[in-house]
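Computed over heavy atoms, backbone and side chain alike; hydrogens, waters and symmetry mates excluded. Predicted, not measured: the structure shown is a model, and the values here were computed from it.
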Amino acid sequence: KEEMKPNPRVSVQTRVVRRMASETAMSPNVSTEYHEIMLPGPAEHSPDDNTPSPTKTEFKFFFNQGKPNLSVTLSKAVPVLQENIQQLKAETEREKCGALRDMLNMIEQAWATPTIGRDLAYGLCDVLRTDGGLDILIDNCDSGENSYKVKLGSAKVLEQSMTVENRAFVANKGLGVIVKLAKGSKDDREMTKVTTGILESLFKHSEETCTNAIDLGGLDSILYSCRTMDTMTLRHCACALANLAMFGGANNQQEMISHKAAEWLFPLAFCNDDSVRYYAFLAIACLSANKEIESAVVKSGTLELVKPFIASRDPFEFGQSDKAHIHGQSKYWLQRLLPVLESGREEAQSLAAFHFAMEAGIKAEQGKLETDGNRHQILIFNEIGAVEPLKKLASGTNKLASKFAAQALKIIGETVPYTLSQQAPLWSPTDVQHWLQQAGFGEFSEKFGQSHVDGDILLTLTDENLKDDLGMSN
């Protein structure tokens, strides 16, 4: 007992890491033996099994001359998906698992398809919902009559199918089922990997869904899973916490602090996987934008790690480094990032500017440039109101945020504002004119220019000088 007492000389971050390690080692309920379940396929057919082996071949997307066409591809894939949905109603486990394996393969292929991947996957996921597939998958995850293999296969398909509409469907009809499945299998590595992925998506549905998920135990399940060594599960956990911080609202952010989420983000920030680290930083940056919990966030120690991480990375290259980023985020998601962009904390500003620069590069790569007059722009940034905050940062004194904001503005076709030195005495007369325009005194910039007022002179001007010599009456 004496050895387990907190040492006041040891940092809180060190104690958190030690505590997690000791909890994992000492808990009698933590299983250290994991197993992987493969959905049965034709090769596993036994001569003693009277169920006929599936004869259909695995569906693959093919494109003429390597150029994918969305409508043509969907017209070939949808009938196959509909056939698999019907097969989910079969009596035997083998037929159900065969259908689940084929559906998972098809949807994963769709997400991985260059250029049209997002739209292709959304089209297939729409069919899955409208043809009753989601209902069957949720029932499979809940029913005690289904085997573990059917539950796992159904959960895997659900995880890959969480588009905006499907997310709303699952939030309304299956939230309790998913949280129950997560809580009941928290020491099962394969099922945990899948359920944390589903919760990651559900946490960006709505504030109400976040509240309900926390009440049911969803946040506790995510935090428990943060102790795993499985990289994909850790990615889901980090993304889930980032989504909850962004979409949960102030009350749920307070719940995150009460559940020690900020402390759990600290070890995630030291993970060997960059995606885990990035979304852990995004979560802590979002929490830091809430003034009521800012002190608790700073105390966790995670916030000070943000700037060194992004300073050593290029936004566009980072966006292409992992399929988790490669399709970019939705307009709704990016809109939730605006309070972080406008935060008073430099770490939060810098990370948000980095992300907008990354998103600008991704959307430009996807060809989502639109013509506005004589310019080619990514208009989504105007639609969500991100342009002016980006311009403010680009011309501000936060050098790291200024650099990334300027990159984003350049990519989306906006004019990059004039950047002033942080040392006003070194300003030239032109710098002073730009400062006047940014400060809302643009009508006096010409007069200041004619008088050759530089930064050194600006700092010595008296009220009389401004009124009598430069014409500023107020």
In this structure, is the centre-to-centre distance between the rings of Phe356 and Phe404 below 6.0 Å?
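Distance test on ring centres: not under 6.0 Å, no.
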Minimal non-hydrogen separation, [X] against [Y], with atom names:
| X | Y | result |
| --- | --- | --- |
| Thr163 | Trp111 | CG2-CZ2, 4.2 Å |
| Ala77 | Leu124 | CB-CD2, 3.9 Å |
| Ala269 | Thr302 | CB-CG2, 3.9 Å |
| Pro389 | Ala386 | CD-O, 3.3 Å |
| Tyr332 | His205 | OH-O, 4.0 Å |
| Phe203 | Leu219 | CZ-N, 4.1 Å |

Side chains of [X] and [Y]: does their closest heavy-atom pair fall under 4.5 Å?
| X | Y | value |
| --- | --- | --- |
| Asp454 | Trp427 | no |
| Val78 | Gln82 | yes |
| Met103 | Ile85 | yes |
| Val387 | Leu409 | yes |
| Ser402 | Leu393 | no |
| Ser330 | Val164 | no |
| Val179 | Leu202 | no |
| Lys391 | Glu414 | yes |

Nearest 0.5 angstrom please: [X] [atom1] to [Y] [atom2], how far?
| X | Y | atom1 | atom2 | value |
| --- | --- | --- | --- | --- |
| Ser161 | Leu104 | OG | CG | 8.5 Å |
| His236 | Ser275 | NE2 | OG | 11.5 Å |
| Glu347 | Leu400 | CD | CG | 10.5 Å |
| Phe441 | Glu443 | CZ | CD | 8.0 Å |
| Asn251 | Glu292 | CG | CD | 9.0 Å |
| Asp456 | Leu426 | CG | CG | 9.0 Å |

Counting only N and O atoms by type, is there a donor-acceptor contact under 3.5 Å from the side chain of [X] to the main-chain atoms of [Y]?
| X | Y | answer |
| --- | --- | --- |
| Gln253 | Leu287 | no |
| Thr228 | Ser225 | no |
| Ser451 | Val453 | no |
| Glu159 | Ile198 | no |
| Asn465 | Leu470 | no |
| Asp314 | Phe316 | yes |
| Lys204 | Arg167 | no |
| Ser288 | Ala285 | yes |
| Glu359 | Leu334 | no |
| Lys299 | Glu294 | no |

Classify the ring geometry between Phe309 and Phe318 as parallel (under 30°), tilted (30 to 60°) or perpendicular (over 60°).
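Rings of Phe309 and Phe318: perpendicular, as their planes differ by over 60°.
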Side chain to side chain contact (heavy atoms under 4.5 Å, CB included) assessment of Met246 paired with Trp333
CA-CA 8 Å; Met246 291 177 69; Trp333 192 96; 3.5 Å; yes
Answer with yes or no whether the side chains of Thr211 and Asn252 bring together a donor and an acceptor at under 3.5 Å.
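Short answer, yes.
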Do you see a donor-acceptor pair shorter than 3.5 Å between the side chains of Ser71 and Asn69?
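Result is yes, a qualifying pair exists.
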Could you walk me through whether Glu190 and Lys193 pass the salt bridge (Lys or Arg N to Asp or Glu O under 4.0 Å) test, one step at a time?
CA-CA 5 Å; Glu190 279 301 298; Lys193 186 187 303 183; 3.3 Å; yes
How about [atom1] on [X], more than 12 heavy atoms from neighbouring residues, nucleotides or ligands closer than 6.0 Å, or not?
| X | atom1 | result |
| --- | --- | --- |
| Glu446 | CD | no |
| Asp469 | CG | yes |
| Gln450 | CD | yes |
| Asn172 | CG | yes |

Please name all residues satisfying side chain to side chain contact (heavy atoms under 4.5 Å, CB included) with Glu208, sequence neighbours left out, ordered by chain then number.
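With neighbours one apart ignored, the set is Ser206, Asn212.
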Side chain to side chain contact (heavy atoms under 4.5 Å, CB included) between Ser300 and Leu265, intermediate numbers included
CA-CA 8 Å; Ser300 74; Leu265 288 168; over 6 Å; no
Identify whether NZ of Lys or CZ of Arg in Arg227 sits under 6.0 Å from the centre of the six-membered ring of Tyr224 and within 45° of that ring's axis.
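Relative to the ring axis of Tyr224, which defines the angle, Arg227 lies inside both limits.
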Please assess Phe281 against Phe354 for the test ring-ring contact (aromatic ring centres under 6.0 Å, His included), listing each intermediate value before the final yes or no.
CA-CA 12 Å; Phe281 291 141; Phe354 179 95; over 10 Å; no
Applying ring-ring contact (aromatic ring centres under 6.0 Å, His included), name anything that partners Tyr122, two or more places apart in sequence or on another chain.
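Tyr122: no ring-ring contact (aromatic ring centres under 6.0 Å, His included) contacts found.
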Passes side chain to side chain contact (heavy atoms under 4.5 Å, CB included), Asp273 versus Leu234? Steps please.
CA-CA 9 Å; Asp273 183 79; Leu234 290 176; over 6 Å; no
As a quick check of understanding, evaluate side chain to side chain contact (heavy atoms under 4.5 Å, CB included) for Val298 and Arg345, giving each step before the final call.
CA-CA 11 Å; Val298 173; Arg345 294 207 63 93; 3.9 Å; yes
Determine the sole option in Arg313, His355, Arg235 for which the side-chain hydrogen bond (donor to acceptor under 3.5 Å, both in side chains) test with Tyr278 is passed.
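Single pass found, and it is His355.
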Lys392: what forms a side chain to side chain donor-acceptor pair (under 3.5 Å) with it, not counting sequence neighbours?
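Lys392 satisfies side chain to side chain donor-acceptor pair (under 3.5 Å) with no other residue.
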